[in-house]
Amino acid sequence: MAKIAFILLTHKDPEGVISQARRLSSEGDFVSIHFDARASQADFARIQTALADDPSIAFARRRVKCGWGEWSLVAATLEAVKAAVDAFPQATHFYLISGDCLPIKTAEYVHDFLDAEDVDYIESVDFFTSGWIKTGMREDRLIYRHVFNERQSKWLFYKSYEIQRALGMTRKVPEDLQMMIGSQWWCLRRQTVEAVLEFCRVRPAVMRFFKTTWIPDETFFQTLVRHLVPDREIRSRTPTFLMFTDYGMPVTFYNDHYDLLLGQDFLFARKISPDAADLKTRLGELWHETARAFSISGEGRALFSFLTGRGRIGRRFAPRFWEVESSLGRERTLYVVVCKKWHVAKRLVEQAGARAGIPRVEYLFNELCPLPALGGIETTLSKRNRHRRALLRMLFDYHRTDRLLICVDPAEFELLRDLSADRVDARILEIECDFTDDYLIGHARRVGLAGEQSPAGVIERLLPTIRFDLKFESDRMRDAGFPAFEHIRQGATPRENALPIARFLGVDRDLAHEIAATEYLFLD
């Protein structure tokens, strides 16, 4: 069975460190602690004294003063790893965690997980092509020497960087290494850790290179492991669940995240709030349970993006200059049916198009519905949305018509606003539908906010948010003041819905009533 040596990097909360170390070692595993040299010596002494009688706990021989983005974080990790390798010859795996990490599975589950495959778990993707770096420096992290701390000595950091750039003082990446990047938090097998330590011993030039790269904790182990271990023995993922905001700040978990955390396909999670006493207690107790089954739903990241996105709705696609200067044409009419239940909109569009003789395309900006060949602009959703006016002009021309009927999801508010601002006669018909809890649950699963195994408690708390979001989308359309906006309801009679349909399509009341009376229109 797997025996884990946890590499614990920490800098605060001595009582928390003591508790965490005792918990992790209580199931037959080991802990090697590095306590930041910037932290209090008295706090470190408290930790050492409290854990001195436990042979399954060791300490890094040298404490390093750690700073964000510096080599010191890697140096501290290596110190704790060396101590663990020497102190715990029985350890089969080495798992890097921080003081803010807690298990979200049982020890039994974690051991079984590591026993299942003889592999290393470390996020390791190509530094230059992966897109892992979202903003800021990329190649410049490597080809210039960074000797100052960006947060503590910002002026010196950037002045040194600017001087090197001005003088062309670049350097080469070690030729035999493919630079990789990924999360700092990994779990490696013993033979991999020993190979890394041996590499450090025999390749001092590479060590000097990494010591002056920026944020090497995201590149050092990620590059060396990929260099030393066959690809088939690497799972390019971190076993620790963590999320970041748009601003690069780690998301913190609180007491009400317990069910969500257990549903993620990870072994540990960070960062746990220092104030989340109940969450800490429950996760601490979880570690010791046996025969515990976990329903993996994996909706965490999608759910976080959804919830945080509600408060900052903005333009999704910046208008391109050729879109601003162009128009679909004053002489044309674009009929836009907006509905969250796509099957309802498609049925109405089918009936309306057939009875009124209007060419129709369904959710062309929301799904890859079939379109005629239009020179490649139709091949991906990103191209369709990026060149939406050009796409619609081509469809008008392809069908040789001045009338076109399309479907749009109500979330595409900026698309609706853009089309309404065009010279084209843009008419919008909103179909207001009733949403049962079962429908909302299905919707949450379709868009990745919940999984098939999401706990009932998570679903129950999520439903009001989704329901409010759908209402928000509807209210936003009605408040926008679109010049030609009509609205029909699922609960209304065909007679009541006929008049807005007649105004929308520009047809007589009888034809509109036939369309509204379609027997299966609102059926789920």
Side-chain angles (χ1 to χ4, degrees), residues 7-12 32-41 43-44 59-83 96-101 122-124 127 132-165 169-171 173-174 177 179-186 193 196-197 199-201 203-225 238 240 242 244 247-250 270-271:
I7 308 302
L8 175 57
L9 301 186
T10 186
H11 64 281
K12 60 183 179 181
S32 179
I33 301 172
H34 178 276
F35 195 69
D36 194 335
R38 296 183 189 276
S40 162
Q41 176 61 34
D43 285 347
F44 181 53
F59 292 88
R61 295 187 182 89
R62 182 174 69 94
R63 293 173 63 201
V64 179
K65 291 183 177 180
C66 297
W68 184 87
E70 293 181 359
W71 169 256
S72 55
L73 286 172
V74 179
T77 304
L78 288 172
E79 289 295 326
V81 166
K82 291 173 185 175
L96 179 62
I97 61 174
S98 76
D100 293 324
C101 295
I122 180 169
E123 187 175 30
S124 176
F127 184 94
W132 200 89
I133 299 173
K134 302 299 183 185
T135 60
M137 291 184 191
R138 183 183 295 271
E139 184 181 20
D140 290 1
R141 292 190 184 194
L142 309 176
I143 64 174
Y144 297 108
R145 295 166 179 83
H146 303 279
V147 296
F148 300 103
N149 184 285
E150 191 266 347
R151 293 188 175 178
Q152 295 175 355
S153 306
K154 188 176 291 288
W155 186 88
L156 288 172
F157 178 89
Y158 286 106
K159 195 64 178 178
S160 168
Y161 169 57
E162 291 167 4
I163 290 173
Q164 291 181 75
R165 288 188 63 186
M169 297 172 61
T170 60
R171 59 177 178 172
V173 174
L177 296 183
M179 292 301 300
M180 310 297 285
I181 192 167
S183 169
Q184 173 187 0
W185 312 103
W186 41 253
V193 164
V196 169
L197 294 179
F199 184 97
C200 294
R201 187 184 69 82
R203 296 289 298 272
V206 174
M207 298 296 285
R208 287 193 296 272
F209 170 81
F210 276 106
K211 285 179 180 179
T212 52
T213 59
W214 192 41
I215 321 182
D217 54 293
E218 295 178 350
T219 58
F220 178 76
F221 287 97
Q222 296 76 3
T223 299
L224 265 57
V225 170
T238 172
T240 299
L242 66 163
F244 291 90
Y247 306 102
M249 300 301 293
R270 76 178 305 267
K271 316 175 51 166

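Quick caveat, the model's predicted, so the values are computed rather than measured. Index from 1, following the sequence.
Considering only residues two or more places apart in sequence or on other chains, R61 meets the salt bridge (Lys or Arg N to Asp or Glu O under 4.0 Å) condition with D86. With sequence neighbours excluded, the residues satisfying side chain to side chain contact (heavy atoms under 4.5 Å, CB included) with K159 are W155, E162, I163. Judged as a side-chain hydrogen bond (donor to acceptor under 3.5 Å, both in side chains), and not counting sequence neighbours, the contacts of R203 are D176. Residues meeting the side chain to side chain contact (heavy atoms under 4.5 Å, CB included) test with L197, sequence neighbours left out: L78, V81, K82, V85, V193. The ring-ring contact (aromatic ring centres under 6.0 Å, His included) search around W185 returns none, not counting sequence neighbours.
Heavy atoms from other residues, nucleotides or ligands lying under 6.0 Å from NZ of K154 number more than 12.
With rounding to the nearest 0.5 angstrom, the CG atom of D100 is 11.5 Å from the CG atom of L242. To the nearest 0.5 Å, atom CZ of residue F59 and atom CD1 of residue I33 are 4.0 Å apart.
Side-chain polar atoms of R63 and Q41 form a donor-acceptor pair below 3.5 angstrom.
Within the structure, every pair that satisfies the salt bridge (Lys or Arg N to Asp or Glu O under 4.0 Å) test and touches residues 136-146, not counting sequence neighbours, is listed here: R141-E218.
Formation of a donor-acceptor pair under 3.5 Å by the E123 side chain with backbone atoms of I181 is not found in this model. Remark: the backbone N or O of R38 is not paired with any side-chain donor or acceptor of H11 at under 3.5 angstrom. Side chain of S160 to backbone of L156: no donor-acceptor contact under 3.5 angstrom is found. Counting only distance, with no hydrogens or angles, the side chain of T223 and the backbone of M180 share a donor-acceptor pair below 3.5 Å. In this structure, the side chain of D36 engages the main chain of C66 through a donor-acceptor pair within 3.5 Å. Remark: side-chain polar atoms of E70 are not paired, donor with acceptor, to backbone N or O of H146 under 3.5 angstrom. Checked by atom type and distance alone, the side chain of R165 never pairs as donor or acceptor with a backbone atom of Y144 at under 3.5 Å.
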**Report entry** Verdict with reasoning, S124 to V225, per side-chain contact (heavy atoms from CB on, under 4.5 Å)
**Finding:** CA-CA 8 Å; S124 176; V225 170; over 6 Å; no
Query raised in the report: How far apart are the C-alpha atoms of T238 and W186, what are their side-chain angles, what is the distance that settles it, and do they pass the side-chain contact (heavy atoms from CB on, under 4.5 Å) test?
Result: CA-CA 5 Å; T238 172; W186 41 253; over 6 Å; no
Requested in this report: Decide yes or no on side-chain contact (heavy atoms from CB on, under 4.5 Å) for F127 and L142, but give the supporting numbers first.
Outcome: CA-CA 10 Å; F127 184 94; L142 309 176; 3.7 Å; yes
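Across all their heavy atoms, P216 and T213 have their closest contact at CB-OG1, 3.4 Å. When all heavy atoms are compared, the tightest approach of S32 to A83 is OG-CB, 3.7 Å. Residues A80 and H34 share a closest heavy-atom pair of CB-CB, 4.2 Å. Between V173 and M179, the shortest heavy-atom contact is CG1-CG, 3.4 Å. The minimum heavy-atom distance between C101 and T240, with the atom names listed, is SG-CG2, 4.4 Å. For the pair E150 and W68, the tightest heavy-atom approach, listed with the atom from each and the gap, is OE1-CZ3, 4.1 Å.
Taking the six-membered ring for Trp and thresholds of 30 and 60 degrees, W214 and F157 have ring planes inclined between 30 and 60 degrees apart. Relative orientation of the F220 and F210 rings is perpendicular, given thresholds of 30° and 60° on the angle between their planes.
Between L96 and T77, the closest side-chain pair of non-hydrogen atoms falls below 4.5 Å. For the pair L9/E79, no side-chain contact is recorded, criterion being any heavy-atom separation below 4.5 Å from C-beta on.
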